Amino acid sequence: MQSLEFQDDRLRLIDQTRLPHEVAYLDCRTAAEVAEAIASMRVRGAPAIGVAAAYGMALGAREAAQVLGGQADPERLAAALRTVAERLRRTRPTAVNLFWALERCLEVVGRASALGPAGVAEELRRLADQMAEADVRANQQMGQHGAALLPPRTNVLTHCNTGALATVGYGTALGVIRAAVEAGKRVHVFVDETRPFLQGARLTAWELQRLGIPMTLITDSMAGYFMARGQVDLVLVGADRIARNGDVANKIGTYTLAVLCRAHQLPCYVVAPTSTVDFELASGADIPIEQRNPEEVTHLNGQRIAPAGVQAAHPAFDVTPARLVSAIVTEAGVCRPPFELSLRQAVAIRQTETLPAEALP
Ligand code: MRU
């Protein structure tokens with residue numbers, strides 16, 4: 001299953017807001033439609049929104065070809081595409097993959113703008129395809145590295161959705177679970193429902209069910225109960241942005257899980273591609289945290305669940321300090337503390353691979 005696919009003149013996405021009730025596809029034919037799909041979380045998950053934005057840029061270049069004409073002045077074309085990138089950038093602030101992908105796209109625009117809008121659109125499409133392929137490959141590599149960390153029979157707890165839906169395909173933390181099962185390990189998964197957007201209950205439970213992997217859905221507040229009873233062996237989560245010291249921004253509730261792991265002496269593993277590491281940030285304190293509409297807290301399925309007028313807050317992510325992270329599984333291997341060193345080594349290993357230069361962090 002792929003969360004997104006480019007077809008002729010459109011980006012086709014699985015509309016994740018409609019799951020698990022129906023598998024509906026959304027066709028985006030303009031960059032603005034892609035931006036709207038990201039902002040409304042029809043496509044979500046750090047790697048998926050990065051690749052979706054890259055295809056959004058390719059669509060933006062096609063639109064520019066129509067507006068500016070085939071022989072547009074390279075400077076005007078580049079300016080138009082910087083505006084498109086800005087529109088996509090404003091959708092969600094925390095996942096660095098979005099900004100990483102848009103930077104790569106703008107580099108291509110800078111190099112290729114003399115080719116005219118059609119040529120730039122072609123180059124951007126090629127780059128987005130490379131990113132999509134590199135994402136699936138990285139996920140499979142993380143799966144192999146991470147699966148080795150899991151005992152032959154194990155109970156894993158996971159949070160949010162890090163599967164094929166959150167990526168282009170296969171998944172990060174869920175990819176590790178898949179790879180372990182494919183290697184013959186017996187894995188049972190506790191799935192946090194992930195209040196308030198319910199990515200765990202709606203999406204992870206759906207994916208695990210399709211994969212035939214045994215699971216138990218729990219509310220977020222039950223994690224400590226099951227850990228205290230010895231029913232959880234380890235926690236596996238994804239990441240939206242990792243600062244160079246190893247602090248991890250991920251779905252709200254991840255920090256609580258990491259604290260619980262420390263209290264119960266359980267490993268807390270983060271699974272993320274090197275493109276999720278933001279080496280410009282010294283620590284997690286600098287990671288922008290998305291504040292979403294508090295109505296996502298006061299309402300469930302459009303139904304109010306709190307008294308009218310109640311004030312609510314909705315930080316969509318939290319930061320887990322590096323000292324609570326046991327290891328970060330990347331496509332280049334398993335990084336252990338001190339993370340500043342091991343993450344740089346992972347990027348160096350990654351860069352020696354024969355991957356297209358543009359698709360690298
Ligand atoms: O708000 P979301 O659903 O986009 O948040 C997703 C997460 O927090 C995931 O854990 C993260 O993006 C890693 S997904 C491979």
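Please read all numbers here as calculations on a predicted model, not as lab measurements. Counting starts at 1 for both ligands and their atoms, following the listed order.
- Between the N293 side chain and the E296 main chain, no donor and acceptor come within less than 3.5 Å of each other.
- Classification of D27 and R10 as a salt-bridged pair holds, one side-chain N sitting under 4.0 Å from a carboxylate O.
- T91 pairs with exactly one of V34, I49, L98 by the side-chain contact (heavy atoms from CB on, under 4.5 Å) rule, that one being L98.
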Between ligand 1 and the protein, find all N/O pairs closer than 3.5 Å and give the distance for each.
residue  : atom   : partner : partner atom : Å
ligand 1 : 1 (O)  : R92     : NH1          : 3.4
ligand 1 : 1 (O)  : R92     : NH2          : 2.8
ligand 1 : 1 (O)  : K251    : NZ           : 2.7
ligand 1 : 3 (O)  : R44     : NE           : 2.5
ligand 1 : 3 (O)  : R44     : NH2          : 3.4
ligand 1 : 3 (O)  : Q199    : NE2          : 2.8
ligand 1 : 4 (O)  : G45     : N            : 3.0
ligand 1 : 4 (O)  : R92     : NH1          : 2.8
ligand 1 : 8 (O)  : D240    : OD1          : 2.8
ligand 1 : 8 (O)  : N250    : OD1          : 3.2
ligand 1 : 8 (O)  : K251    : N            : 3.3
ligand 1 : 10 (O) : N250    : OD1          : 2.6
ligand 1 : 12 (O) : A46     : N            : 2.9
ligand 1 : 12 (O) : D240    : OD1          : 3.1
ligand 1 : 12 (O) : D240    : OD2          : 3.1

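- No option in T254, T320, V271, D192 other than T254 meets the side-chain contact (heavy atoms from CB on, under 4.5 Å) test with V237.
- Side-chain contact annotation: T154 with D233, donor-acceptor N/O pair under 3.5 Å present.
- Side chains of C268 and V325 form no contact here, defined as non-hydrogen atoms less than 4.5 Å apart.
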